[in-house]
Amino acid sequence: MEHSLEIATDNYVAFTFFIGTMAMMAASVFFFFELGNTKTEWRTSILVSGLITFIAAVHYYYMRDYNLSTGKSPIFFRYVDWILTVPLMCVEFYLITKKAGAKIGLLWKLIFASVIMLVTGYFGEAVYKGNAAMWGLISGLAYFYIVYEVWMGDVAKLSKSSSPSVQKAVNSLLKFVVIGWAIYPIGYMIGTADGQWYSFMKDRASMDIVYNIGDAVNKIGFGLVIYALSRSED
Ligand SMILES: *C/C=C(C)/C=C/C=C(C)/C=C/C1=C(C)CCCC1(C)C
């Protein structure tokens with residue numbers, strides 16, 4: 001099939017890849033340039049916010065091109081992006097709770113869970129498609145573990161002995177993890193619906209559009225919560 005490199009006005013998938021690329025680039029420029037007028041204690045956190053959107057910008061630049069020229073979903077590079085950026089989001093949790101005594105073990109627990117979540121998701125989406133429901137379920141358990149840590153586990157406990165602004169930030173980030181990250185399993189179900197119990201979800205909307213919206217909300221939103229924290233008084 002021949003694909004035009006021009007984005008057709010009804011090609012919403014290509015359009016969201018384009019907007020996603022631009023948004024990630026703009027967010028990266030913003031975070032990097034703001035580093036200079038950020039208090040020293042918050043610089044690493046803002047730098048990590050910028051790295052998250054920058055890594056995504058590079059992947060989006062590639063994925064946008066890949067999708068436009070092949071018409072396919074860039075599944076592999078989507079997961080390469082996530083496996084780099086989601087652990088960096090775990091680093092953000094660690095950095096902001098560090099002053100309240102977070103141990104490096106907490107960071108490794110979160111990173112471990114996120115890697116399990118993503119590798120099993122990739123298996124279901126790209127390797128063992130026939131068993132997508134089972135792999136999605138395993139991935140979902142790892143996801144719930146992260147939610148647990150932030151909502152009731154170590155991150156929550158450390159947050160309680162932190163400053164009011166850190167508490168507020170952890171609260172906002174928890175909402176991103178519970179609501180914002182829940183966008184992804186929806187995209188996964190749309191993309192893997194073929195032959196599964198949720199086959200009714202097939203073609204309802206595009207998996208890539210759902211993932212692209214999820215990435216913009218979560219990566220840029222997460223960074224902005226950290227940015228707001230860095231500008232607070234205490
Ligand atoms: C910037 C990228 C982010 C925040 C990506 C997050 C991805 C997830 C929370 C993915 C979760 C999945 C499940 C919970 C089950 C189905 C498979 C996944 C990998 C889509």
Side-chain angles (χ1 to χ4, degrees), residues 19-20 22-57 59-60 81-102 106-107 109-111 113-114 117-118 143-186 210-234:
I19 293 287
M22 191 171 59
M24 297 298 181
M25 285 181 176
S28 312
V29 171
F30 176 77
F31 292 129
F32 290 147
F33 275 72
E34 283 295 313
L35 269 177
N37 42 26
T38 298
K39 275 186 244 154
T40 344
E41 53 173 326
W42 294 119
R43 282 205 191 141
T44 314
S45 303
I46 298 291
L47 175 63
V48 173
S49 295
L51 288 176
I52 291 169
T53 54
F54 180 73
I55 291 169
H59 284 83
Y60 266 78
D81 173 344
W82 290 352
I83 214 136
L84 297 170
T85 52
V86 177
L88 283 174
M89 295 172 123
C90 300
V91 170
E92 297 280 33
F93 278 117
Y94 169 69
L95 288 176
I96 67 175
T97 49
K98 211 169 129 194
K99 262 190 266 165
L106 168 63
L107 175 60
K109 276 198 286 189
L110 293 174
I111 291 181
S114 66
M117 174 179 87
L118 296 171
Y143 167 58
F144 284 135
Y145 173 75
I146 299 173
V147 169
Y148 164 79
E149 281 294 351
V150 181
W151 201 339
M152 288 165 267
D154 288 351
V155 178
K157 283 174 203 145
L158 289 160
S159 149
K160 287 202 184 80
S161 42
S162 302
S163 72
S165 21
V166 168
Q167 283 182 36
K168 205 171 139 213
V170 169
N171 230 337
S172 305
L173 295 181
L174 170 65
K175 286 185 191 125
F176 275 98
V177 173
V178 174
I179 305 164
W181 289 22
I183 295 172
Y184 295 95
I186 300 170
V210 173
Y211 283 163
N212 291 351
I213 292 171
D215 280 354
V217 168
N218 290 298
K219 292 185 164 64
I220 300 171
F222 226 77
L224 289 175
V225 169
I226 302 289
Y227 179 78
L229 172 60
S230 77
R231 308 288 127 155
S232 63
E233 279 317 308
D234 45 69

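Just so you know, residue 1 is the first one in the sequence shown, and it goes up from there.
The shortest distance between side-chain heavy atoms of K219 and D81 falls below 4.5 Å. Looking at Y94 and I111, their side chains never come closer than 4.5 Å, going by heavy atoms from C-beta outward. Looking at heavy atoms from C-beta onward, W181 lies in side-chain contact with M117 at the 4.5 angstrom threshold. The closest side-chain heavy-atom distance from W42 to I96 is below 4.5 Å. The side-chain heavy atoms of V48 and I226, taken from C-beta on, include no pair separated by under 4.5 Å.
For the pair M24 and A56, the tightest heavy-atom approach, listed with the atom from each and the gap, is SD-CB, 3.8 Å. Between A156 and V150, the shortest heavy-atom distance links the atoms CB-O, 3.4 Å. Here the closest non-hydrogen pair linking A182 and P185 is O-CD, 3.2 Å. When all heavy atoms of I146 and A113 are compared, the closest pair comes out as CG1-CB, 3.7 Å. Across S230 and I46, no two heavy atoms sit closer than the pair OG-CD1, 3.7 Å. Contact detail for A169 and V225: the closest heavy-atom pair is O-CG1, 3.8 Å.
Every ring pair (Phe, Tyr, Trp, His ring centres under 6.0 Å) that Y211 has, sequence neighbours left out, goes to W82. E92 meets the side-chain hydrogen bond (donor to acceptor under 3.5 Å, both in side chains) test with S49; sequence neighbours excluded. The side-chain hydrogen bond (donor to acceptor under 3.5 Å, both in side chains) check on Y60 picks up R78, N212, D215, with sequence neighbours excluded. The side chain to side chain contact (heavy atoms under 4.5 Å, CB included) test applied to V217 returns F176, I213, not counting sequence neighbours. In this structure, the side chain to side chain contact (heavy atoms under 4.5 Å, CB included) partners of I183, at least two apart in sequence or on a different chain, are V210. Contacts of I55 classified as side chain to side chain contact (heavy atoms under 4.5 Å, CB included), with partners at least two apart in sequence or in another chain: H59, L84, T85, L88. Listed by chain and residue number, F222 satisfy the ring pair (Phe, Tyr, Trp, His ring centres under 6.0 Å) test with F93 (two or more places apart in sequence, or in another chain). Residues passing the side-chain hydrogen bond (donor to acceptor under 3.5 Å, both in side chains) test with S28, sequence neighbours excluded: T53. Shown here are the side chain to side chain contact (heavy atoms under 4.5 Å, CB included) partners of R231, two or more places apart in sequence or in another chain: E34, N37, T38, Y227.
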Can F31 and I52 be said to form a side-chain contact (heavy atoms from CB on, under 4.5 Å), step by step? CA-CA 10 Å; F31 292 129; I52 291 169; over 6 Å; no

How far apart are the C-alpha atoms of L106 and L158, what are their side-chain angles, what is the distance that settles it, and do they pass the side-chain contact (heavy atoms from CB on, under 4.5 Å) test? CA-CA 11 Å; L106 168 63; L158 289 160; 3.8 Å; yes

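Listed by first and then second residue, the salt bridge (Lys or Arg N to Asp or Glu O under 4.0 Å) pairs involving residues 169-184 amount to none (not counting sequence neighbours). Evaluation of the ring pair (Phe, Tyr, Trp, His ring centres under 6.0 Å) test over residues 144-163, restricted to residues two or more places apart or in two chains, returns none. Applying the salt bridge (Lys or Arg N to Asp or Glu O under 4.0 Å) rule to pairs touching residues 146-158 yields K109-E149, K109-D154, sequence neighbours excluded.
Rounding to the nearest 0.5 angstrom, the gap separating the CE atom in M89 from the CG atom in L110 is 12.5 Å. The structure places OG of S162 at 6.5 Å from CD of Q167, a figure rounded to the nearest 0.5 Å. Rounded to the nearest 0.5 angstrom, S45 OG and K39 NZ are separated by 12.0 Å.
Put simply, the side chain of Y143 gets close to the backbone of V177: a donor and an acceptor are under 3.5 Å apart.
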